[in-house]
Amino acid sequence: MVEKDSDDHTPAEEPIATPNFIGLLLEVEQDAMAAIEASEKPIDQLRIELLGGKSELARLTKQIRRVPEQDRAQVGTVVNQVKQKIENALSEKTINTPQGATEPIDVTAPGTLPPVGHLHIVTQAVSEITRIFERIGFTRVRHPEVDWDWYAFESLNMPPNHPARDEWETFFIKYPEVSSQNTLEVIQLHTSGKKYKTIVLTPHTSNGQVREMEKGKLPIRMINIAKCYRRQVDVSHTPMFHQFEGLYIDRNVSIMHLKGVFDYFVKQFYGPDREIRLRPFHFQFTEPSFEVDISCGICHGTGYVTKGQKCRLCKEGWLEMAGSGMVHPVVLKNGGVDPAKYSGFAFGWGIERAYMMKSGTKLDDLRLIYSNDVRFSEQF
Ligand code: PHE
């Protein structure tokens with residue numbers, strides 16, 4: 001006889017003894033616990049498989065009517081206990097599984113490399129220049145980048161209001177009040193005389209000349225590399241840039257030494273085929289003074305790339321690189337060096353410009369160097 005189910009019209013099934021049904025439920029529970037323990041499937045998927053509408057537990061629950069009616073409440077409680085146990089095991093697994101680690105991990109796969117940086121181009125140039133000069137006995141030194149007007153101008157034969165100062169678009173700073181800045185140097189200098197008046201952001205590295213002489217050791221072979229500041233911003237100027245300043249003081253130093261050192265540096269830094277040329281110029285702190293040009297690396301000093309076609313980098317075969325000259329006797333005196341016994345030469349170069357000439361990179365905006373944009377820096 002076929003008995004119809006009153007609710008969902010599915011055929012009635014064979015009755016099942018309560019202990020057997022509970023036994024089946026406990027089996028489902030055991031299988032589920034084993035699956036949770038062993039499976040590497042995502043937790044959400046496991047939850048659907050073990051507790052969802054098509055799970056073994058759901059299938060069994062639907063058959064609860066096969067147990068004698070008076071036992072159904074008791075069996076129902078067991079069903080709920082099983083459900084709860086599976087639910088708890090799933091939550092525990094969620095807590096103990098690090099996010100994203102539910103996928104299998106291939107421990108032999110190559111890792112993701114962190115991005116590797118490198119030194120800024122100016123730092124690279126500074127180390128290279130230092131190494132080149134060290135080989136011929138020059139020592140890298142540091143002098144203040146914020147300094148007394150005395151060292152930046154006056155001691156270099158440029159008294160206040162001297163028109164030659166106009167060449168350096170200088171940032172001036174008021175000197176600190178003695179009471180607010182108790183460093184020994186400020187007190188000593190401030191009280192010792194008229195010399196130290198204003199403070200400047202050094203517009204060139206020449207402030208290192210007299211400072212180096214004041215160390216009182218001769219001969220001097222210094223290479224002072226530092227930041228410089230000028231009130232100029234456009235495509236070929238940044239308000240902060242770098243210079244390297246050479247100073248050589250000894251007995252019988254002549255222009256020949258100056259030329260020899262330049263020649264050596266230019267061949268080391270730019271290559272053996274490059275030449276230098278000195279052009280007469282004027283600086284208050286050197287006499288005689290020169291501007292230093294190097295032969296253009298593109299047209300090799302001819303000014304033309306092919307017949308009739310002018311070189312676009314230099315236009316006339318030479319690139320202006322530096323200021324230089326024989327140290328003026330007044331400057332030697334200001335540094336406590338006797339000009340009757342000693343002579344010397346000095347030179348100052350801009351590093352950003354020197355580097356651009358070397359790499360052949362014709363930057364149409366020098367400010368990019370300090371834009372802090374890795375897309376620029378990565379190219380060097
Ligand atoms: N200080 C000069 C400048 O910035 C360069 C220079 C240095 C000239 C040393 C002569 C001697 O232009």
Side-chain angles (χ1 to χ4, degrees), residues 129 133 138 140-159 162-171 200-213 220-232 236-250 253-255 257-262 265-266 276-294 319-335 337 339 342-355 357 366:
I129 291 162
F133 279 101
F138 281 74
R140 162 118 199 245
V141 295
R142 302 292 299 262
H143 287 295
E145 293 165 349
V146 180
D147 206 353
W148 297 101
D149 183 282
W150 165 254
Y151 290 108
F153 287 115
E154 277 195 63
S155 71
L156 299 175
N157 206 17
M158 286 183 278
H162 194 285
R165 284 171 170 242
D166 295 351
E167 247 182 76
W168 292 272
E169 299 271 347
T170 309
F171 290 104
V200 298
L201 301 188
T202 53
H204 55 182
T205 39
S206 300
N207 67 313
Q209 291 190 18
V210 166
R211 279 198 174 268
E212 190 68 21
M213 293 179 216
I220 290 170
R221 277 187 229 95
M222 118 178 153
I223 197 86
N224 171 32
I225 309 184
K227 292 188 178 73
C228 300
Y229 303 87
R230 293 188 195 176
R231 288 186 293 115
Q232 262 176 318
S236 52
H237 295 93
T238 50
M240 186 283 295
F241 60 101
H242 295 74
Q243 280 190 347
F244 62 99
E245 180 100 2
L247 178 68
Y248 179 28
I249 298 177
D250 203 347
V253 176
S254 75
I255 296 175
H257 297 108
L258 165 72
K259 239 193 138 187
V261 167
F262 274 140
F265 172 73
V266 164
I276 58 141
R277 139 181 124 169
L278 300 182
R279 244 181 321 106
F281 200 73
H282 175 79
F283 291 107
Q284 281 293 114
F285 39 98
T286 45
E287 182 57 37
S289 304
F290 309 97
E291 274 197 327
V292 186
D293 297 341
I294 61 165
L319 300 158
E320 179 197 320
M321 294 304 310
S324 72
M326 302 305 292
V327 182
H328 197 288
V330 168
V331 179
L332 289 173
K333 260 187 236 152
N334 285 338
V337 175
Y342 291 92
S343 56
F345 67 76
F347 56 83
W349 294 48
I351 290 190
E352 286 80 356
R353 189 174 153 80
Y355 187 82
M357 295 303 171
L366 210 70

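Bear in mind that the values here come from a model prediction, so they are computed numbers and not experimental data. In listed order, ligands and their atoms are each counted from 1. Heavy-atom basis, side chains included; hydrogens, waters and symmetry copies ignored.
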Next item on the list: Show the numbers, then the answer: is there a ring-ring contact (aromatic ring centres under 6.0 Å, His included) between F290 and F262?
Entry: CA-CA 12 Å; F290 309 97; F262 274 140; 9.0 Å; no
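- Evaluation of the side chain to side chain contact (heavy atoms under 4.5 Å, CB included) rule for K333 yields P339 as partners, not counting sequence neighbours.
- Aromatic ring centroids of F133 and Y248 lie 6.0 Å or more apart.
- Ion pairing between R231 and E169 holds under the 4.0 Å rule for side-chain N and carboxylate O.
- Judged by a 6.0 Å distance limit and a 45° cone about the ring axis, R221 is not positioned over the six-membered ring of F138.
- With hydrogens and angles left out, the side-chain atoms of H204 and E245 include no donor and acceptor closer than 3.5 Å.
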Hey, what polar pairs (N/O, under 3.5 Å) does ligand 1 make with protein?
unit_1, atom_1, unit_2, atom_2, d
ligand 1, 1 (N), H204, ND1, 2.9
ligand 1, 1 (N), S206, OG, 2.9
ligand 1, 4 (O), W168, NE1, 3.3
ligand 1, 4 (O), R230, NH2, 3.0
ligand 1, 4 (O), Q243, NE2, 3.1

